[in-house]
Amino acid sequence: MTVPELTPEEIAELLKAHPDWASAREGKAITRTFQFKDFSEAWGFMSRVALLAETQDHHPEWFNVYAKVEVTLTTHDAGQSGGLSQRDVVMAQAIDTLL
Ligand code: H2B
């Protein structure tokens with residue numbers, strides 16, 4: 001099932017509304033790095049994001065080293081070979097709200 005990709009204008013709006021997120025993969029994804037106090041806090045955050053991802057049926061790609069978590073949002077089902085969609089906007093908003 002194909003999900004509509006965001007237009008360049010919608011991507012610009014997304015980055016303006018969520019300035020802590022950066023464009024990645026030539027505009028096909030957004031990424032944000034979170035720095036926590038220690039692994040326990042980082043894992044707590046990841047647990048909360050995981051539950052959120054399940055409720056949204058939209059899952060992050062991420063990389064964790066101790067207190068650092070790098071989150072990448074993209075929609076695998078968008079466009080021809082993945083891209084940004086409204087689902088990523090909702091997730092970025094929800095993740096920012098968690099903090
Ligand atoms: N997560 C992300 N990031 N992109 C998707 O296209 C996606 C997903 N699709 N989580 C969902 C699951 C899909 O595979 C299931 C079958 O609904």
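In listed order, ligands and their atoms are each counted from 1.
- Applying the salt bridge (Lys or Arg N to Asp or Glu O under 4.0 Å) rule to pairs touching residues 12-37 yields E5-K28, D20-R32, R25-E61, R32-D96, sequence neighbours excluded.
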Only pairs under 3.5 Å count here: list side-chain donor-acceptor contacts from residues 42-49, not counting sequence neighbours, and write none if there are none.
from, atom 1, to, atom 2, distance (Å)
S47, OG, W43, O, 2.9
R48, NH1, L98, O, 3.3

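- For ligand 1, the protein residues within 4.0 angstrom (heavy atoms only) are D57, H58, H59, T74, T75, H76, D77.
- Listed by first and then second residue, the side chain to side chain donor-acceptor pair (under 3.5 Å) pairs that reach into residues 64-75 are K68-E70, T75-S85, T75-D88, sequence neighbours excluded.
- In the hydrophobic clustering of this structure, W62 groups with L99; members are Ile, Leu, Val, Met, Phe, Trp, Tyr whose side-chain heavy atoms approach within less than 4.5 Å, directly or through other members.
- Residue Q35 places its CD atom among more than 12 non-hydrogen atoms of other residues, nucleotides or ligands, all under 6.0 Å distant.
- Judged purely by atom type and a 3.5 angstrom limit, Q56 has no side-chain atom pairing as donor or acceptor with the backbone of A53.
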